[in-house]
2 protein chains.
Amino acid sequence: MVFGEKLKSVRKARGWSQEELAEKLFVSRQSVSKWENGQNYPSIEVIIKLSDLFEVTIDELLRTDEELKEKVIKDSKQLAHPKLKFLFDVVFLLGVSLLIIKLGFLGLNKFTNVDSSLPGGKFLWNFGPLLFMVGGGIGSGIVKERYKVE
Amino acid sequence: MVFGEKLKSVRKARGWSQEELAEKLFVSRQSVSKWENGQNYPSIEVIIKLSDLFEVTIDELLRTDEELKEKVIKDSKQLAHPKLKFLFDVVFLLGVSLLIIKLGFLGLNKFTNVDSSLPGGKFLWNFGPLLFMVGGGIGSGIVKERYKVE
DNA sequence: ATAGATGCGCAACTCCTAGTTGCATAGTGA
DNA sequence: TCACTATGCAACTAGGAGTTGCGCATCTAT
């Protein structure tokens, strides 16, 4: 989609006629018509006004959809970063929590000579915390590195 | 800072002369000079090319610093959200961990008739976990609500 | 049916301004 | 001092953005 079509679609989205838009921009109705039909380009000042009026970036107005798509893909990669990293961080913290619990019981058994055991297998409590922490830590690091801002 | 100054600064940042830039854009050297001195505006096509060449958005090129600042503030608010929420979530998880430890001890004392006590005051272990969880939960909720995308 | 209103596109014309050519100036290294 | 580079100023041209005027649909009410 090129500039003219975009302009038309955002104008229609507001339910404005070409004339209404023309008045807001202090130009003739026919100028708007020409912009939309690709016969003319508006001046820089008008383009900025359009961007403000319709609350879209100037890039969205001027660039083709293909060009924009590239940028969107880039941005979404950046945006994916915090969420994914957060997930890994939670996994890591889960591991820390499990470790604390395990250590608590370990110390308890040692100091009180009472052989109380945790629910779940021995394997889970021996390696679970470690696996969580290592997995979460590595994942978080990879995500952080991968989507680093160049 | 207006368009001309911005153009000049990004050009200088690349270490290009006006002539070098002019060649890349297939215009005369003097055109570049006029753009930078605010005597002219380049055409839309050239503006898009400039945006590509210098890897800045068209908005950054055309809008004043004040206008851009507004947008940056908006964006930074959005970006602050995940970090702050993460902090509150960590506090919440800390509370959960403490609670689990406390419950573990509680059960242990009950079932084994051994009066083992946790290090630290009674108050800490009675209300600490609760406070952490409530504080973290409320904080996380507020942040989530406050920076919700409209 | 018709007259008026609304919304939009085409054609011709005007005029502004972006871009060009040519010249001048300032700084820099040999 | 003499090239050489980088940039600005002045005059001119041309292309295109914007305007006026006209025509053509589509609706709606009388």
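Bear in mind the structure is a predicted one, so any value in this text is a computation, not a measurement. Numbers restart at 1 for each chain; the letters A, B, ... are given by sequence-line order, proteins then strands.
Atom CG in B:Leu21 sits roughly 10 Å away from atom P in D:dT7 (whole-Å rounding). Between the C1' atom of D:dG16 and the CD atom of B:Glu45 lies a distance of 11 Å, rounded to the nearest Å. In this structure, the NZ atom of A:Lys49 is 11 Å from the P atom of D:dG18, given to the nearest Å. The distance between atom CD of B:Glu36 and atom P of C:dA18, rounded to the nearest whole Å, is 15 Å. Residue A:Leu7 contributes atom CG, which lies 14 Å from atom P of D:dA17 at whole-angstrom precision. Rounded to an integer number of Å, the gap from CG of A:Asn40 to C1' of C:dC8 is 16 Å. What separates CD of B:Glu19 from C1' of C:dT20 is a distance of 14 Å, to the nearest Å. A:Glu23 places its CD atom 13 Å from the P atom of D:dT19, with the value rounded to the nearest Å.
For the pair A:Lys24 and A:Trp16, the distance from NZ or CZ to the six-membered ring centre is under 6.0 Å and the angle to the ring normal is within 45 degrees.
Judged by distance alone, with hydrogens and angles left aside, A:Lys34 brings a side-chain donor or acceptor within reach of the base of D:dG18, the pair sitting under 3.5 Å. For A:Arg29 against C:dG9, a side-chain N or O and a base N or O form a donor-acceptor pair under 3.5 Å.
At D:dT5, none of the side-chain N or O atoms of B:Ser17 fall inside 4.0 Å of OP1 or OP2 (strictly under the cut-off). Distances shorter than 4.0 Å separate some side-chain N or O of B:Gln39 from OP1 or OP2 on D:dC9. OP1 or OP2 of C:dG9 has at least one side-chain nitrogen or oxygen of A:Asn37 nearer than 4.0 Å. Applying the 4.0 Å criterion to OP1 and OP2 of C:dC23, one finds that B:Gln30 has every side-chain N and O outside that range. Residue B:Trp35 places at least one side-chain N or O closer than 4.0 Å to OP1 or OP2 of C:dG19. B:Ser33 has no side-chain polar atom (N or O) that falls below the 4.0 Å cut-off from OP1 or OP2 of D:dT7.
Between A:Phe132 and A:Phe92, the gap from one ring centroid to the other reaches at least 6.0 Å.
Side-chain N/O atoms of B:Glu60 and B:Thr57 include a donor and acceptor closer than 3.5 Å.
A salt bridge does not link B:Arg29 to B:Glu23: none of the charged nitrogens lies less than 4.0 Å from a carboxylate oxygen. A salt bridge is defined here as a Lys NZ or Arg NE, NH1 or NH2 lying under 4.0 Å from an Asp or Glu carboxylate O, and A:Arg14 with A:Glu55 meets this definition.
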